Structure formats: structure tokens, C-alpha cells
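One-based numbering, in listed order, for ligands and for the atoms of each. As the structure is a prediction and not an experimental result, all values here were calculated from the model. Atoms considered below: every heavy atom in the structure, side chains included; atoms not considered: hydrogens, waters and symmetry mates.
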Amino acid sequence: MRVGFVGLGAMGMGMSRNLHRAGLLSAVWNRTAEKAQTLAAELGCKAPPTLEALAPDVDAVVVCVSADDDVLQVVTALAKGLRKGTLVIDCSTVGADTARKASTILQPSGVEFLDCPVSGGVEGAEKATLAIMVGGTPEAFAQAQPILNAMGKTVTHFGPTGSGQAAKATNQIMCAGIIECVAEAMAFARAQGLPLDKVVDTLGKGAGSSWYFVHRGPNMVRGAYPAGFKVRLHAKDLGICRDMAARFGVALPVVERMLGEYAELVSRGYGDEDISATFRLKEELFEPPGKAGAPRKDA
Ligand code: NAP
């Protein structure tokens, strides 16, 4: 099977390397072409100049780009060149409606579409330990097995097109609540004068621990928030969750609160930092701006 990969960002770089390790990767494409050319030279695969040129030479294409319009643009361009029977596997996080639109765009060409959003962060992408949530036909899911198993460890078919994105939206709501909680607890610990590295080492093994606490708590200890998972991308996901909940007339409190906090971070120029940058706002609960450096109440 010859697989093309589209979107060599923080996630796509690791995922495409894992497809290469599995002997599946035949071509890569990225909007900023240098990234694709550099990776292709390193791995010895092709880097066609356009999506239309990549399409006819592959049996499947994995896409991992930023947001809804990006997926639709990529799929529309691919549709011009894909052969009947080719599979498009979209690992971006977008709305369930976008997944259904993408599937409809590809249908006339006899191309199957699977929505396959992933969870597990950049580390999971590099180590091929991603959780992959799949929506689409059982036949397409069966066909995609070697590709999905090369990139992830837990691969689950949830139902028809859009179901993978619905599962991912569920995950993003949990991530919002957890990162907020971790940031708030770490700001509290700091205000108590606790050594934050020991807090992460010890509480990381306790009942209140989580992936975010163990993997992103250290960012809060260092005060550095390299992406990781960018604030503006999680804000995009929470916008999707908000729209999906609104169809039931529901506004989810965790989603609304984190959208507010992310809007604040973006307005201060932190949109491209990892979501652990939420700690910046939580620290200010104890040390408001302008008073930084003032003795804490407990000091
Ligand atoms: P990223 O580092 O910002 O990379 C985005 C990629 O999409 C880049 O390769 C970019 O190309 C490409 N792109 C954006 N718009 C495009 C367009 N209109 N046409 C073609 N290519 C386009 O993002 P990421 O962190 O890899 O995330 C990718 C997807 O995975 C997102 O949907 C995100 O929500 C999801 N995700 C991320 C994480 C995480 O921890 N980072 C975890 C799970 C899921 P350029 O290089 O030219 O900019």
C-alpha cells in the first residue's frame, strides 16, 4: 500500500515518520513546501509540488492540517486527482459536519473518507501511541487498519462518518477541564511555597494525577510553554464542542470558561504556546499583574 501524507505540522511530522517506519509512506506534501522537501530527502520518498500531483500515485492519503476550512480545501484539491478506491484518512480535529462534507466531496470520485482524529499529543504522534477515533464505513475502516496501526496504539471505530469527531470533541472537553485544574492547582502550590518539581514528581503518582499533570506540569515549573498543543488549536476544538452542545440548547460551563481563558491568552500574544500556558492566568490569581514579585500572603 502506498500512502501519501499531507500536513507536516507538530503532529504530522511524527505520524508520517511512523508510516515510513512501517514501510507505507510513498509521498509527503505540506503547504510550506520546504518542510516536505526536507523530510522527503531524509526519508527517501517523493515530495510532489501539488496535492493534485500527489493524488494519483497513492492508495491512501492521511491528512493532518489545522482546522475545518483547511481540511475542505485539501480534500477538494485531492478530489481532482484521486483514483477510484483510494482512501482518505483525516486525522485533523474538525467538526462532525465538516467530516460529512468532506465525505460528500469525495463520494462522486468513488473515494472513501474516514474521520480519524487523534489524541496523545506530539509525544503520542512520535511514539505511535496515539488513540485514534474513527468514523466511516466498516469496509473503509478494515482497509485502513495497517495505516492506523502504524500511527496509534488504540484504534476504535465509533460508527458512521462524523462519529470519530464526536468522540474527539468529548475528549477535548475533558482536556479543557483537566488543564484548567492542573494550572490552578500548580498556581496554588506555588503560592504555598511548595517546590513545584517535587509536587509534579509526587502528586504525579497520586489519585489526582493525569497525562496533562505529568507531561505539562513541568512546563509550569519552568515557566516555558513550547507547543505541544497550541492554545489557538484547542480554542478551535472547544468552538466545535460549543456548537455541538448548542444543538441541544446547552452551554457547557467548562467549555465556556476555557474559551474565555484562551481568548485572553490569544489577546496577549500566547496563542501559539502550549495550552499549559493557562498557568500564566492562574498565577495571576495569586499575584495580579503589576504586583509580581510582591511578597505572597503566606511568605
Ligand atoms: P500545526 O503544528 O499548527 O500544523 C498544522 C499543519 O497544517 C501544518 O503542516 C500546516 O502547513 C498545515 N495547514 C494548515 N492550514 C492548511 C491549509 N489550508 N492547507 C494545507 N495545509 C494547511 O498543528 P498540529 O499541532 O500538527 O495539529 C494538526 C491537527 O491535529 C489539528 O487539527 C489539531 O487540532 C490536531 N491535534 C493536535 C494535537 C497536538 O497536541 N498538537 C493533538 C491532537 C490533535 P504549514 O506548515 O504550511 O503551516
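If you number the atoms of ligand 1 from 1 as listed, the ones under 4.0 Å from a heavy atom of Ser92 come out as 32 (O). Distances below 4.0 Å separate heavy atoms of Lys168 from the following atoms of ligand 1: 43 (C), 44 (C). In the vicinity of Trp29, heavy-atom distances shorter than 4.0 Å reach the ligand 1 atoms 20 (C). Within ligand 1, the atoms closer than 4.0 Å to a non-hydrogen atom of Thr93 are 32 (O), 34 (O), 35 (C), 44 (C), numbered from 1 in the order shown. For ligand 1 and Asp70, the ligand atoms under 4.0 Å from any heavy atom of the residue are 15 (N), 16 (C), 17 (C), 18 (N). Every atom of ligand 1 with a heavy atom of Gly7 under 4.0 Å away is listed here by number and element: 9 (O).
For the pair Leu24 and Ile147, the tightest heavy-atom approach, listed with the atom from each and the gap, is CD1-CA, 4.1 Å. In terms of heavy atoms, Leu51 sits closest to Leu78 at O-CD2, 3.9 Å. Residues Leu281 and Glu261 share a closest heavy-atom pair of CD1-O, 3.5 Å. Taking all atoms of both residues into account, the shortest heavy-atom contact from Val214 to Ser209 is CG2-OG, 3.4 Å. Nearest heavy-atom pair, Met13 versus Leu8, reported as atom, atom and distance to 0.1 Å: CE-O, 3.9 Å.
In this structure, the protein non-hydrogen atom closest to atom 41 (N) of ligand 1 is Gly228 O, 3.2 Å. Scanning all protein heavy atoms for the shortest distance to atom 47 (O) of ligand 1 gives Thr32 OG1, 2.5 Å. Residue, atom and distance of the protein heavy atom nearest to atom 26 (O) of ligand 1 are Met11 N, 2.9 Å. The nearest heavy-atom contact from the protein to atom 4 (O) of ligand 1 is Gly9 CA, 3.3 Å. In this structure, the protein non-hydrogen atom closest to atom 19 (N) of ligand 1 is Val74 CG2, 3.9 Å. In this structure, the protein non-hydrogen atom closest to atom 30 (O) of ligand 1 is Cys64 SG, 3.7 Å. From the protein, the heavy atom lying nearest to atom 2 (O) of ligand 1 is Ala10 N, 2.8 Å. From the protein, the heavy atom lying nearest to atom 14 (C) of ligand 1 is Ser66 OG, 3.2 Å.
Atom CG of Asp197 sits about 6.5 Å away from atom CG of Asp201, to the nearest 0.5 Å.
Proximity of Gly121 to ligand 1 is established by a heavy-atom distance of less than 4.0 Å. Not a single heavy atom of Met13 lies less than 4.0 angstrom from ligand 1. At least one heavy atom of Lys236 sits less than 4.0 Å from an atom of ligand 1.
Counting heavy atoms closer than 4.0 Å to ligand 1, residue Lys230 contributes side-chain atoms (C-beta onward) but none from N, CA, C or O. Looking at Leu233 against ligand 1, only its side chain comes within 4.0 Å, counting heavy atoms.
Among Val118, Val65, Asn30, Val6, the residue whose heavy atom sits closest to atom 8 (C) of ligand 1 is Asn30.
Checked against a 3.5 angstrom limit, the closest N/O atoms of Ser119 and ligand 1 fall outside it. Taking only nitrogen or oxygen atoms, main chain and side chain alike, Arg31 reaches within less than 3.5 Å of ligand 1.
The pair Asp272-Arg232 meets the salt-bridge criterion, with a side-chain N (NZ, NE, NH1 or NH2) lying under 4.0 Å from an Asp/Glu carboxylate O.
The environment of Lys282 atom NZ is dense: over 12 non-hydrogen atoms of other residues, nucleotides or ligands sit within 6.0 angstrom.
Between His157 and Phe141, the ring-plane angle classifies as parallel under the 30° and 60° cut-offs.
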*Run the salt bridge (Lys or Arg N to Asp or Glu O under 4.0 Å) check on Arg242 and Asp237 step by step: do they pass?*
CA-CA 9 Å; Arg242 172 191 264 171; Asp237 297 351; over 6 Å; no

*Let me see the working for Gln172 and Thr93 under side chain to side chain donor-acceptor pair (under 3.5 Å), right down to the final yes or no.*
CA-CA 10 Å; Gln172 297 315 79; Thr93 303; 5.3 Å; no

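With no hydrogens or angles considered, no side-chain donor-acceptor pair links Arg216 and Asn219 at under 3.5 Å.
Connection of Val254 to Ile275 is not established within any shared hydrophobic cluster, with ILVMFWY side chains joined at heavy-atom distances below 4.5 Å, either directly or through further cluster members.
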